[in-house]
*Asks:* 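The structure that follows is given in the form of structure tokens.
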Amino acid sequence: MAFERLTERLQEAFRRLSGRGKLSPADVDEALKEVRRALLEADVNFRVVKDLLERIRARAVGEEVLKSLTPAQQVIRIVRDELTALMGGEHAGIQFASRPPTVILLCGLQGSGKTTTAAKLAFRLKQQGRRPHLVAGDLYRPAAVDQLRVLAKQVGVPCHEGQGDPVEVAAQGVEAAAQAGADVVLVDTAGRLQIDSEMMEELRRTRDRIQPHEVLLVLDAMTGQEALNVARTFQEQMELTGLVLTKTDGDARGGAALSALAVTGKPIKFVGVGERIEQLEPFHPDRMASRILGMGDVLSLIERAEAAMDQEDAQRLAERIREADFTLEDFLEQLRQVRKMGPLDELLQMLPGLPAGAGSLKGLQVDERELKRVEAMIQSMTPQERRNPQIIDGSRRRRIAAGSGTQVQDVNRLLKQFEQTRALIRQMGQAGRRIRGGKGRKGWGGLFRGRR
Amino acid sequence: MSLWDRLRQGLARSRSGWVSQLKKAVAGGRGRIDEELLLELEESLLEADVGLDGAEAILDALREAAAKERPSTADEVLSLIRRLMTDQLSEHRRELHQPPEPPGVILLLGVNGSGKTTTAAKLAAQLGGRGKVILGACDTFRAAASDQLAEWGHRIGVDVVRQEPGSDPAAVAFDTVQAARARGMAWAILDTAGRLQTRTNLMKELEKIHRVVERALGRPADERLLVLDATVGQNGLSQARLFHETVPLTGLVVTKMDGTARGGILWAITRELGLPVKWIGVGEGLEDLQPFDPQAFVDALFAGDGSREVP
């Protein structure tokens with residue numbers, strides 16, 4: 001579902017069109033049918049879809065078909081531009097108060113990920129050299145306070161707790177944090193339905209008491225059509241300053257983000273990309289637009305890879321691959337790099353055009369213990385074997401297994417995985433060539449370019 | 001106030017007036033089912049998260065039924081849709097699967113934040129509570145998840161089997177089944193960590209829990225229930241598919257039905273995978289879990305604007 005190729009389907013719709021000069025209303029309508037399907041499948045609210053299609057139609061009809069693009073590509077570009085425009089220009093971060101502490105209030109439905117997001121934000125701010133404190137304001141869900149306390153400990157920031165009235169607990173927590181020298185105070189709140197007037201009233205009172213500089217709505221990326229009503233009500237009652245989109249690491253296309261944006265006009269400030277504490281990223285409108293359209297998230301992949309990969313290593317690796325000289329040593333090196341980026345299957349989801357490859361990669365998960373065994377096996381090989389794995393016959397396999405404290409089957413599996421990886425990298429090289437305008441040269445970008 | 005009243009009330013508060021719009025569309029057609037009406041109906045269904053394919057299936061069925069039954073008024077068209085939608089959800093057995101011998105084991109699965117832990121507690125309370133049920137805290141990953149379940153256990157007087165954070169969830173599952181048997185419990189309910197269905201390594205962990213339960217019990221867990229958030233959109237289908245692939249499901253629990261979300265993805269899921277909805281959650285209290293009743297559910301959906309002009 002994540003890889004439904006809108007471009008391909010549009011290409012189909014446009015087959016009859018090639019060779020003509022301008023996009024006619026009929027052509028555009030044909031194409032927009034597919035766009036509508038893509039947007040609705042991505043859970044963009046149908047009212048938002050309607051508005052959007054009208055705007056796109058107005059813009060697309062009569063437009064010259066550029067020589068460099070196919071009509072399908074051109075429509076996609078218009079759609080993408082519109083989506084990106086709707087989602088705001090540059091990335092908007094936290095607006096810090098001129099007089100610290102900056103107070104940030106997190107709110108949202110049950111299970112949207114407020115507590116986790118609070119901790120992730122604290123981690124991020126701490127990495128940036130700030131002194132964030134957390135306030136545990138969810139006194140309804142059993143053990144929500146314990147959860148935040150445990151996470152705060154992981155992050156290494158103070159967590160303020162209290163009992164009784166959530167409004168008082170929040171106010172006292174902010175006060176205590178300010179006195180203890182916090183420059184940012186993150187206030188977690190209980191999840192609530194936007195139609196629960198009592199609970200919304202409590203949230204408003206909390207806001208009035210602590211006067212937050214940021215009020216962030218935490219929204220699950222898998223939310224359906226309701227995202228519009230949820231965001232609208234929270235906006236009306238809480239005067240949001242921004243949104244956080246969580247659980248974007250799955251295969252949800254995240255149209256909810258677009259609905260929420262359309263109805264609040266507030267920027268998405270961060271997206272949650274995994275369960276680990278560091279997995280919170282700035283929001284990139286262009287990438288989200290591509291994702292909602294089902295075009296994969298190639299740019300994010302490249303950037304993430306760049307951040308994790310040592311550039312020189314990557315360069316060297318790219319060289320090796322170009323020379324079809326990818327050895328077991330490189331494989332080990334690559335496993336270490338990939339581990340820094342997160343699971344491989346997760347990365348592959350962001351890459352369009354690899355549905356077949358992605359399925360065969362289940363064996364390529366990198367976990368800590370497995371990595372140690374792989375390391376031991378590779379180190380039990382002779383330099384000649386590492387460079388030239390074809391020579392590893394049965395007796396060499398037995399020797400390697402004995403030397404590394406593993407079984408012959410483990411060695412077999414390793415060699416098979418190595419071959420798969422080699423094939424995958426070849427595939428990635430090919431996929432990469434299809435992606436124009438990537439940042440290139442570094443990291444996986446370099447890898448893509450490495451193969452011709 | 002009955003739970004279905006509460007559900008109806010929740011739906012009534014969705015201001016956009018799903019049903020009034022639907023009724024307007026149907027009334028405008030004066031009982032004729034033409035393309036314009038179908039388009040309007042499609043939009044209403046889309047707004048309820050039924051999805052394009054789901055809406056198409058419902059409308060195809062409507063066309064077919066209308067050709068035979070020839071509804072002549074708007075009300076007749078509406079009641080025809082209601083019947084079709086109810087029928088689709090009624091096809092599969094919804095009763096709780098009775099174990100051949102105690103303890104029966106219920107395994108709860110789902111993505112993060114769908115409401116598994118709360119559902120585990122509610123189910124424990126409804127299946128007899130103290131002396132009848134034991135809970136297993138197999139979510140050893142999320143910070144304080146086992147504390148949350150333990151707190152619930154404390155409130156309802158039910159024992160909770162738990163281990164250190166980070167320990168093997170399959171081991172907790174095994175211990176829970178053993179404890180249930182040793183203490184003569186009727187049910188063991190296993191809460192698992194939330195996981196996105198695309199995380200293959202985490203799905204493997206789930207597979208292992210399922211396997212270990214089967215080994216401990218001598219048969220697979222009697223109920224393998226996917227806990228689904230009612231606000232979920234089209235991704236709900238992917239969730240159902242991939243969890244079903246990993247651990248063959250016996251049904252669904254739909255949570256947070258007290259909001260304005262309409263849970264339209266249920267039609268797509270039941271149609272494609274044949275999975276019945278067994279329970280729905282309509283609030284945060286222990287009693288707010290209800291066996292699923294398709295008729296009442298569809299009635300509530302169609303009574304959405306609070307007016308009762310349509311029976």
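Within every chain, numbering begins at 1; the chains are lettered A, B, ... in the order of the sequence lines, protein sequences first and strands thereafter. When reading the values below, keep in mind they use all heavy atoms of this one structure, side chains included, and skip hydrogens, waters and symmetry mates.
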*Asks:* Quick one: which residues of residues 158-168 of chain B reach chain A at under 4.5 angstrom, heavy atoms only?
*Replies:*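 If one takes a 4.5 Å heavy-atom cut-off, no residue of residues 158-168 of chain B lies near chain A.
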*Asks:* Measure Leu228(A) against the heavy atoms of chain B and call it side chain, backbone, both or neither at under 4.5 Å.
*Replies:*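 Interface part for Leu228(A): neither.
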*Asks:* Select one option (side chain, backbone, both, neither) describing which atoms of Arg141(A) are under 4.5 Å from chain B's heavy atoms.
*Replies:*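 Looking at Arg141(A), just its side chain touches chain B.
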*Asks:* Looking only at the side chains, is there a donor atom on one of Asn235(B) and Gln239(B) sitting less than 3.5 Å from an acceptor on the other?
*Replies:*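 Per modelled atom types, Asn235(B) and Gln239(B) side chains form a pair under 3.5 Å.
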*Asks:* Determine whether a donor-acceptor pair (N or O, by modelled atom type, separation under 3.5 Å) exists between the side chain of Thr246(A) and the backbone of Ser112(A).
*Replies:*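 Judged by distance alone, yes, a pair lies under 3.5 Å.
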*Asks:* Taking 4.0 angstrom as the limit, do Arg241(B) and Glu245(B) come out as a salt bridge?
*Replies:*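 The answer is no: the pair does not qualify as a salt bridge.
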*Asks:* Would you say the side chains of Gln148(B) and Arg142(B) form a donor-acceptor pair under 3.5 Å?
*Replies:*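 Looking only at side-chain atoms, Arg142(B) and Gln148(B) do form a donor-acceptor pair, the distance falling under 3.5 Å.
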*Asks:* For each of Asp53(B), Thr231(B), Leu242(B), Thr255(B), tally heavy-atom pairs with chain A at distances under 4.5 Å, and name the one with the top tally.
*Replies:*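 Sorted descending by pairs with chain A, the first entry is Thr231(B).
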*Asks:* When you check the side-chain N and O atoms of Arg47(A) and Gln225(A), is any donor under 3.5 Å from an acceptor?
*Replies:*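 There is no such pair between these side chains.
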*Asks:* Under 4.5 Å, heavy atom to heavy atom, which residues of residues 109-123 of chain B contact chain A?
*Replies:*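 Expected list: Val111(B), Asn112(B), Gly113(B).
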*Asks:* Short question: side chain of Thr223(A), backbone of Leu219(A) - any donor-acceptor pair under 3.5 Å?
*Replies:*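 Side chain of Thr223(A) to backbone of Leu219(A): no pair is present.
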*Asks:* Could you tell me whether the side chains of Asp251(A) and Ser238(B) share a donor-acceptor contact shorter than 3.5 Å?
*Replies:*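 Yes, a side-chain donor-acceptor pair sits under 3.5 Å.
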*Asks:* With sequence neighbours excluded, tell me which residues meet side chain to side chain contact (heavy atoms under 4.5 Å, CB included) with Gln110(A).
*Replies:*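 Here the qualifying residues are Leu193(A), Lys256(B), Glu284(B).
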*Asks:* So, using side chain to side chain contact (heavy atoms under 4.5 Å, CB included) as the criterion, who are the partners of Arg130(B) when residues are at least two apart?
*Replies:*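 Here no residue qualifies.
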*Asks:* Could you check whether Glu42(B) pairs with Arg36(A) (Lys NZ or Arg NE/NH1/NH2 to Asp/Glu carboxylate O, under 4.0 Å)?
*Replies:*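 A salt bridge links Glu42(B) with Arg36(A).
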*Asks:* Answer yes when Arg195(B) and Asp139(B) have at least one side-chain N-carboxylate O distance shorter than 4.0 Å, and no when they do not.
*Replies:*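 Salt bridge between Arg195(B) and Asp139(B), a charged N being under 4.0 Å from a carboxylate O: no.
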